[in-house]
J.: 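Let me give you the structure first, and then I'll get to my questions.
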Amino acid sequence: MIVYPSGVDVSTSSLRFLAQQLRRHRRAIGSRWRRLSAGRQALLALAHLRVGHTYAQLAAGFGVGITTAYRYVTEAVDLLAVLAPTLADAVRTATTKAFVLLDGTLLPIDRIAADRPFYSGKHRKHGMNVQVLTDPFGRLLWASPALPGAVHDIRAAREHGIIEALAKADVMCWADKGYRGAGSTVRIPHWGRWETLSAGQQAANRSHAKIRALVEQAMAALKSWRLLRKLRCSTTRVTALVQSVLALHLACSAG
């Protein structure tokens, strides 16, 4: 394999943050020697998450074995995942906001037609359903554990306890028609064909769409980590990957 210099479009604060977590972890477990320093391991993990480099590519570029590259990435991802905010954390933050935005996204995975639980009829592809909460400006507050792509948004929101948590905290939430029936504090557009809606309902739906449009910024922020655009790992690892990306994004944004 030919090796060449390349770059990763992440901030140095993300690299420093992850390297610090790795150094702390190494001290905690008493790890005395590694093939790569904490800083280099952090860079390796960021290259995987941000660019989607395979373990073989990472191994060649960093001069380690493929198994070592896999182990280093997994270790970094698991350390970051536990730092991601919980739903309770996000709801506490949401109580200081005027409202929140709720939406779901499908993270594509490499599955075959036989894997029906992962097939989304809405998107016509296999993937994992992830629910996202943002503030009124479209800034990420929380991302849910991943569910099979066949799970609809309203069912996913109920399984994660999002609707109940927002109602209990009396937080107003704006969502799309995929959350029809959520009730409580979740507001969705008026249902029906556009031509059958009254002028007032059409105006309300236009206003609703303008408010909800900002949630796309959060989706773009998540998928700027290119690994999430086409996942080729076990579906059991998707949640940890999403949570690690969320933790890095929030740490970088805070910095």
J.: If you count every heavy atom of other residues, nucleotides or ligands that lies below 6.0 Å from R206 atom CZ, does the total exceed 12?
T.: yes

J.: Testing the 3.5 Å rule here: is there a donor-acceptor pair between the side chains of R23 and Q20?
T.: no

J.: In terms of side-chain heavy atoms, does T95 have a donor or acceptor partner in R92 at a distance below 3.5 Å?
T.: no

J.: Kindly say whether A19 contributes a backbone atom to a donor-acceptor pair with the side chain of R24 at under 3.5 angstrom?
T.: no

J.: With the threshold set at 4.0 Å, does a side-chain nitrogen-carboxylate oxygen contact exist between R26 and E75?
T.: no

J.: Is it the case that over 12 heavy atoms from other parts of the model lie below 6.0 angstrom from the NE2 atom of H160?
T.: yes

J.: For the pair T74 (side chain) and R71 (backbone), establish whether a donor and an acceptor sit closer than 3.5 Å, ignoring hydrogens and angles.
T.: no

J.: Any idea which heavy atoms bring C173 and L102 closest together, and the distance?
T.: SG-CB, 3.4 Å

J.: Apply the test side chain to side chain contact (heavy atoms under 4.5 Å, CB included) to residues L36 and Y72: give CA-CA distance (whole Å), side-chain angles for both, the deciding distance (0.1 Å), then the verdict.
T.: CA-CA 9 Å; L36 298 180; Y72 279 0; 3.7 Å; yes

J.: If I compare all heavy atoms of L44 with all of L58, which pair ends up nearest, and what's the gap?
T.: O-CD2, 3.7 Å

J.: Given the rule in the side chain to side chain contact (heavy atoms under 4.5 Å, CB included) test, do L197 and W191 qualify, once you have shown the distances and angles that lead to the verdict?
T.: CA-CA 8 Å; L197 299 177; W191 194 266; over 6 Å; no

J.: Whether the R16 and T12 side chains hold a donor-acceptor pair (N or O, under 3.5 Å, no angle test) is what I'd like checked.
T.: yes

J.: Answer yes or no: is there a donor N or O on one side and an acceptor on the other, between the side chain of E164 and the main chain of G161, under 3.5 Å?
T.: no

J.: With L147 as reference, evaluate M128, R155, Q131, E159 under the side chain to side chain contact (heavy atoms under 4.5 Å, CB included) test and give the passing residue.
T.: E159

J.: CG/D135 to CZ/F99 distance, rounded to the nearest 0.5 angstrom?
T.: 8.5 Å

J.: Got a donor-acceptor contact below 3.5 angstrom from the T239 side chain to the A146 backbone?
T.: yes

J.: CG of L22 to CZ of F17: how many Å apart, nearest 0.5 Å?
T.: 10.0 Å

J.: Using every non-hydrogen atom in the two residues, find where P136 and L214 come nearest and quote the distance to one decimal.
T.: O-CD1, 3.1 Å

J.: Charged N to carboxylate O below 4.0 Å: is that the case for D9 and R226?
T.: yes

J.: Report yes or no: do V10 and L15 belong to one cluster of Ile/Leu/Val/Met/Phe/Trp/Tyr joined by side chain heavy-atom distances under 4.5 Å?
T.: yes

J.: Is any side-chain heavy atom of K230 closer than 4.5 Å to a side-chain heavy atom of I109?
T.: no

J.: Is there a side chain to side chain contact (heavy atoms under 4.5 Å, CB included) between L166 and S184? Walk through the geometry before answering.
T.: CA-CA 9 Å; L166 293 174; S184 194; over 6 Å; no

J.: Say whether I163 and L141 are linked into one hydrophobic cluster, either directly or through other cluster members, by side-chain heavy-atom distances under 4.5 angstrom.
T.: yes

J.: Before you tell me yes or no, could you show the steps for T68 and F62 under side chain to side chain contact (heavy atoms under 4.5 Å, CB included), namely the whole-Å CA-CA distance, both residues' side-chain angles and the distance that decides it to 0.1 Å?
T.: CA-CA 10 Å; T68 300; F62 285 83; over 6 Å; no

J.: Looking at every heavy atom in both L248 and S14, which two are closest together, and how far apart are they?
T.: CD2-O, 4.0 Å

J.: If you measure from NE2 on H208 to NE2 on H190, what distance do you get to the nearest 0.5 Å?
T.: 9.0 Å

J.: Between V82 and L18, is there a shared hydrophobic cluster once you connect ILVMFWY residues whose side-chain heavy atoms come closer than 4.5 Å?
T.: yes

J.: Please determine if R50 forms a cation-pi arrangement with W225, meaning its NZ or CZ atom is less than 6.0 Å from the six-membered ring centre and no more than 45° off the ring axis.
T.: yes

J.: Considering all heavy atoms of both residues, which atom of P189 and which atom of A175 are nearest to each other, and what is their separation?
T.: CD-O, 3.5 Å

J.: About how many Å separate CG of L241 and CZ of R237, when rounded to the nearest 0.5 Å?
T.: 6.0 Å

J.: Strictly below 4.0 Å, N to O, side chains only: are D176 and R187 in salt-bridge contact?
T.: no

J.: What are the two closest heavy atoms between A143 and V242, and how far apart are they?
T.: CB-CG1, 3.8 Å

J.: Are any side-chain N or O atoms of R229 and backbone N or O atoms of K223, one a donor and one an acceptor, separated by less than 3.5 Å?
T.: yes

J.: Above 12 or not: heavy atoms from other molecules or residues under 6.0 Å from NZ of K168?
T.: no

J.: Keeping the roles fixed (side chain from N129, backbone from G149), state whether a donor-acceptor pair exists under 3.5 Å.
T.: no

J.: How are the rings of Y55 and Y70 set relative to one another: parallel (under 30°), tilted (30 to 60°) or perpendicular (over 60°)?
T.: perpendicular

J.: Side chain of S234, backbone of T236: donor and acceptor closer than 3.5 Å?
T.: yes

J.: What distance separates T86 OG1 from Q243 CD, expressed to the nearest 0.5 Å?
T.: 9.5 Å

J.: Give the cluster check for M172 versus Y179: same hydrophobic cluster or not, with ILVMFWY residues linked at side-chain heavy-atom distances below 4.5 Å.
T.: no

J.: In this structure, is the centre-to-centre distance between the rings of F118 and H126 below 6.0 Å?
T.: no

J.: Determine yes or no for a side-chain-to-main-chain donor-acceptor pair under 3.5 angstrom, with T93 supplying the side chain and D89 the backbone.
T.: yes

J.: Once rounded to the nearest 0.5 Å, what's the spacing between atom OG of S244 and atom CG of L227?
T.: 8.5 Å

